[in-house]
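Labels below follow one simple rule: chain letters A, B, ... track the order of the sequence lines, proteins then strands, and each chain is numbered from 1. Note that the structure is a prediction, hence the values are computed from the model and not measured.
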2 protein chains.
Amino acid sequence: MAEWHQTHGRHILLDVWGADADTLNDLGSIQEAMLGAAAAAGATVVDATFHRFPCQGLSGVVVLAESHISVHTFPEHGYAAFDVFTCGSRVDPERACEHLVRAVGGDERFVRRFTRGARDGLTELDEPSAARALVP
Amino acid sequence: MAEWHQTHGRHILLDVWGADADTLNDLGSIQEAMLGAAAAAGATVVDATFHRFPCQGLSGVVVLAESHISVHTFPEHGYAAFDVFTCGSRVDPERACEHLVRAVGGDERFVRRFTRGARDGLTELDEPSAARALVP
């Protein structure tokens, strides 16, 4: 059974504040950050799509063989909302988050970690009440 | 300021078990469910990408002007992991979830709701420890 047939996944919600507005508004920088994050996790990229919104702000998704990484940026607020969701045990979503934090900077980072694909919905890996700083 | 410039967002992790394997493996059904969910939420679709994996299982992402809806299916386990993330107050992610549940069925649904884009990381809207059944 291939790795991606296992339902167990790890999902990290990473909210970054105080990031550089120019970086958050630059399509090339965000693409590079997202694809670099996939590589850092050891994931296989299936597709990637990025969009710039009319005034400012970007959205991007990298579809992985192991789930996805997404971003929505709000340059005027220095804010970016990342999701790193990986199934299986071979890839490491923490490495992806570290890469993203290095790429966009910011002085406040909130991380919430969850298990997906566990039939009881939550496991001991969850830290549902933890919104703690990620030290890059 | 346009709606999608506000950082406040609602993010729902929806895990469904016991769903019909054929539905979870059918690209057309999943595309229809996902685009229908976006419409049910009142969201604006910017892009959509869907992939079938070699053996079985699908991944799909609908990029919205208001963030995204994603799915990863594991037909052999009757399991699907949905994310519905919407920024702003105009769209309703709960309606999207209701649509998805109706579309794929399943007898166990676990829902976790989170706020994104709040500088303190968590607000009273969060139900971080709640993995409760969604009644469609």
Side-chain angles (χ1 to χ4, degrees), chain A residues 1-2 4-7 9 11 13 15 17-18 46-51 53-57 59-68 70-81 83 85 87 108-112 114-122 126-133, chain B residues 1-2 4-7 9 11 13 15 17-18 46-51 53-57 59-68 70-81 83 85 87 108-112 114-122 126-133:
Chain A
M1 181 177 288
W4 43 263
H5 272 174
Q6 300 173 11
T7 62
H11 192 151
L13 312 188
D15 287 25
W17 293 94
V46 173
D47 195 8
T49 177
F50 292 90
H51 294 273
F53 289 103
C55 184
Q56 55 181 325
S59 281
V61 180
V62 179
V63 179
L64 307 173
E66 302 86 359
S67 294
H68 73 268
S70 64
V71 64
H72 305 286
T73 76
F74 300 75
E76 71 279 33
H77 297 286
Y79 171 68
D83 280 62
F85 179 10
C87 292
E108 290 182 88
R109 297 134 192 172
F110 299 105
V111 184
R112 288 173 278 184
F114 303 96
T115 298
R116 306 295 298 268
R119 193 178 277 272
D120 63 357
L122 294 170
D126 285 312
E127 301 174 27
S129 63
R132 64 178 182 78
Chain B
M1 181 177 287
W4 42 262
H5 272 175
Q6 301 173 12
T7 63
H11 192 152
L13 312 188
D15 288 26
W17 294 93
V46 172
D47 194 9
T49 177
F50 293 90
H51 295 272
F53 290 103
C55 184
Q56 55 181 324
S59 281
V61 181
V62 179
V63 180
L64 308 172
E66 303 87 359
S67 295
H68 72 268
S70 64
V71 65
H72 306 285
T73 76
F74 299 76
E76 72 279 33
H77 295 287
Y79 171 68
D83 280 63
F85 179 11
C87 292
E108 290 182 88
R109 297 135 191 169
F110 298 105
V111 184
R112 288 173 278 184
F114 302 95
T115 298
R116 305 294 298 267
R119 193 178 278 271
D120 63 358
L122 294 170
D126 286 313
E127 301 175 28
S129 64
R132 64 178 182 81

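Under the 3.5 Å distance criterion, the side-chain polar atoms of Tyr79(A) are matched with a main-chain donor or acceptor of Gly117(B).
Only the side chain of Ser70(B) comes within contact range of chain A, with at least one heavy atom under 4.5 Å from a heavy atom of that chain. With a threshold of 4.5 angstrom between heavy atoms, Val46(A) approaches chain B through its backbone and through its side chain. In this structure, the portions of Ser67(A) lying under 4.5 Å from any heavy atom of chain B include both its backbone and its side chain.
Here the closest heavy-atom approach between residue Thr115(A) and residue Arg112(B) is recorded as O-NH2, 2.7 Å. Considering every non-hydrogen atom in both Phe53(A) and Ala65(B), the closest pair reads CE2-CA, 3.7 Å.
In this structure the side chain of Val63(B) never reaches within 4.5 angstrom of the side chain of Phe50(A), judged on heavy atoms. Residues Arg116(B) and Phe110(A) are not in side-chain contact: their nearest non-hydrogen atoms beyond the backbone lie 4.5 Å or more apart.
No other option in Thr49(B), Val71(B), Leu13(B), Leu64(B) has as many heavy-atom pairs under 4.5 Å with chain A as Leu13(B).
For His68(A), the side chain to side chain donor-acceptor pair (under 3.5 Å) partners two or more places apart in sequence, or in a different chain, are His72(B).
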